[in-house]
Amino acid sequence: MGRKVVTVDISSFEDRKQEIASQLLDASKDVGFFYIAGHGIPQEDFAKALKAGQAFLALPDDVKAQWPFNPDSYLGHRGPDELETVTGNRLWEWWSVGRYGTGGYDFKNQKFAGEEWPEVLGKEWAQTALDFQEKVHRVAVTILKALFIALGRDEAIIDNAFDITSEENPSFVAWNYYPPVTEEQEAAAKSGKLPPRLHAHADMDVLTILYQREGDIGLEIAPGNEIEDLSLIEDVGNIWNHVPVAREWTPLDPKPGLLTVNIGDGLTRWTDGLLKSTYHRVRAPKEGDPKGARYSIPYFVNPKLNYVIQGPEKRFTPVTGFDLLSKTGNAYVARKNDPEKTWQKKAYTEEGASLAASPVTAVEA
Ligand SMILES: O=C(O)CCC(=O)C(=O)O
Ligand SMILES: [Fe+2]
């Protein structure tokens, strides 16, 4: 069985709007993940952004702890307590910044409170993060406009809701770091007990633009029946909250020069379920896989803090940009702080058990 994963070339958008729009709509109604060519971002920009993230992640834990994860803005550092239950090793680490670094919210004035950057890395660091966000944001806006054109909706809505210059713009860039595989993890993997490096989830945002480092395999998607369960999207705090079992996983490996893009829960809500937010995970390394560190750079695109999104059919309750972030962020923290670790145990047992299932191959289109 194959699943069609499409590559859409978005170059010369003004001249090819309709063609790009219909290709993106097909990809988004079906698989919800696609590759983007012709995005215009040179390879050295990705290399520079990767280096910036690596520089932060290489700092000592007590330094990184100065920028703890803020569950309302979804910004900051997560990692030291993300230990998996089988071997006790750290599986995953995360650092994210928006237009104002990791600055929190000023609730009274409904905007970001001020800039906060890791000055320990020098002044250039912030500029690199800002430049990168600007470039990927442009790609995101093009894709969202194309989808709105395909749906017969006003593309000017996109310029307004995703205005990068607004003090209410909460879109952000993140770096995922998956440490090298330890001997204990290799042993656990052989007996099929190692959980995924990043467990199955759907993104909470409207759109995610993902840079995957060349050679860093492991990303898998599970489109299909599961996305029909729209009650999971109705719960805004859904991200990470439930454990999909017995899914069929399709590898979505990095392709040189292409970006990987996926529809998030926010766009599923905004289109009354038409565009699909798809489960994905980073599987545990298998025998014969590279044992080194893995990195990826997602850019999560969200509407302005007070911007309300709801589909024309009003199938889901309206939510703001702030809701999408804070409800998922706070659900994550609550789950992590559960002394019984109920969710983690369930996730690791059930997902670990389904790892052996043979994947469904991606068919190029
Ligand atoms: O590391 C990857 O390839 C995927 C990351 C991801 O799904 C996420 O950050 O939401
Ligand atoms: Fe994701």
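Values below: every heavy atom of this structure, side chains too, minus hydrogens, waters and symmetry copies. In this text, all values refer to a predicted model and were calculated from it rather than measured experimentally. Indexing begins at 1, ligand by ligand and atom by atom, following the structure's order.
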At under 4.0 Å between heavy atoms, what of Asp216 touches ligand 1? The answer is neither

For [X], state whether at least one heavy atom is located under 4.0 Å from any atom of ligand 1.
X	value
Thr260	no
His201	yes
Arg197	no

Counting only heavy atoms not in Lys48 (residues, nucleotides, ligands), do more than 12 fall under 6.0 Å from its NZ?
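No, NZ of Lys48 has 12 or fewer neighbouring heavy atoms, counting only those of other groups under 6.0 Å.
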
Notebook entry, point to check: Any nitrogen or oxygen of Tyr178, main chain or side chain, under 3.5 Å from a nitrogen or oxygen of ligand 1?
Noted result: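 Yes - when backbone and side-chain N and O of Tyr178 are compared with those of ligand 1, one distance drops under 3.5 Å.
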
- prompt: Can you check whether Trp94 has an N/O within less than 3.5 Å of an N/O in ligand 1?
  reply: no

Min over Thr208, Asn262, Asn176 of heavy-atom distance to atom 8 (C) of ligand 1 lands on Asn176

For this session: For atom 2 (C) of ligand 1, state which one of Ala200, Ala174, Ser296, Ala202 supplies the nearest heavy atom.
Result: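 Among Ala200, Ala174, Ser296, Ala202, the closest heavy atom to atom 2 (C) of ligand 1 comes from Ser296.
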
Ion pair check, Lys17 and Glu155, cut-off under 4.0 Å | yes

Salt bridge or not between Lys255 and Glu214? Use side-chain N to carboxylate O under 4.0 Å.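 No, this pair does not count.
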
Assign the ring pair [X] / [Y] to parallel, tilted or perpendicular, where the plane angle (0 to 90°) is split at 30° and 60°.
X	Y	value
Tyr105	Phe112	tilted
Trp94	Tyr74	perpendicular
Tyr332	Trp92	perpendicular

Next on the checklist: Which residue in the set Phe132, Tyr299, Phe46 passes ring-ring contact (aromatic ring centres under 6.0 Å, His included) when paired with Tyr211?
Outcome noted: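 Considering Phe132, Tyr299, Phe46, a ring-ring contact (aromatic ring centres under 6.0 Å, His included) with Tyr211 is found only for Phe46.
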
Looking at [X], which atoms of ligand 1 are within less than 4.0 Å of one of its heavy atoms?
X	result
His280	7 (O)
Leu210	3 (O)
Arg294	1 (O), 2 (C), 3 (O)
Pro298	9 (O)
Phe300	8 (C), 9 (O), 10 (O)

For the Fe ion (ligand 2), the nearest N/O/S atom on Asp203 is atom OD1

- Return the name of the atom in His201, of element N, O or S, nearest to the Fe ion (ligand 2).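 Per the distance ranking, His201 contributes NE2 as its closest N/O/S atom to the Fe ion (ligand 2).
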
Worksheet entry | NZ or CZ of Arg3 within 45° of Phe33 ring axis and under 6.0 Å | no

Between Trp95 and Arg78, is there a cation-pi geometry (under 6.0 Å to ring centre, at most 45° from the normal)?
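No cation-pi geometry.
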
*By side chain to side chain contact (heavy atoms under 4.5 Å, CB included), which residues pair with Asp216, not counting sequence neighbours?*
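Result, side chain to side chain contact (heavy atoms under 4.5 Å, CB included) vs Asp216: Arg213, Arg294, Tyr295.
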
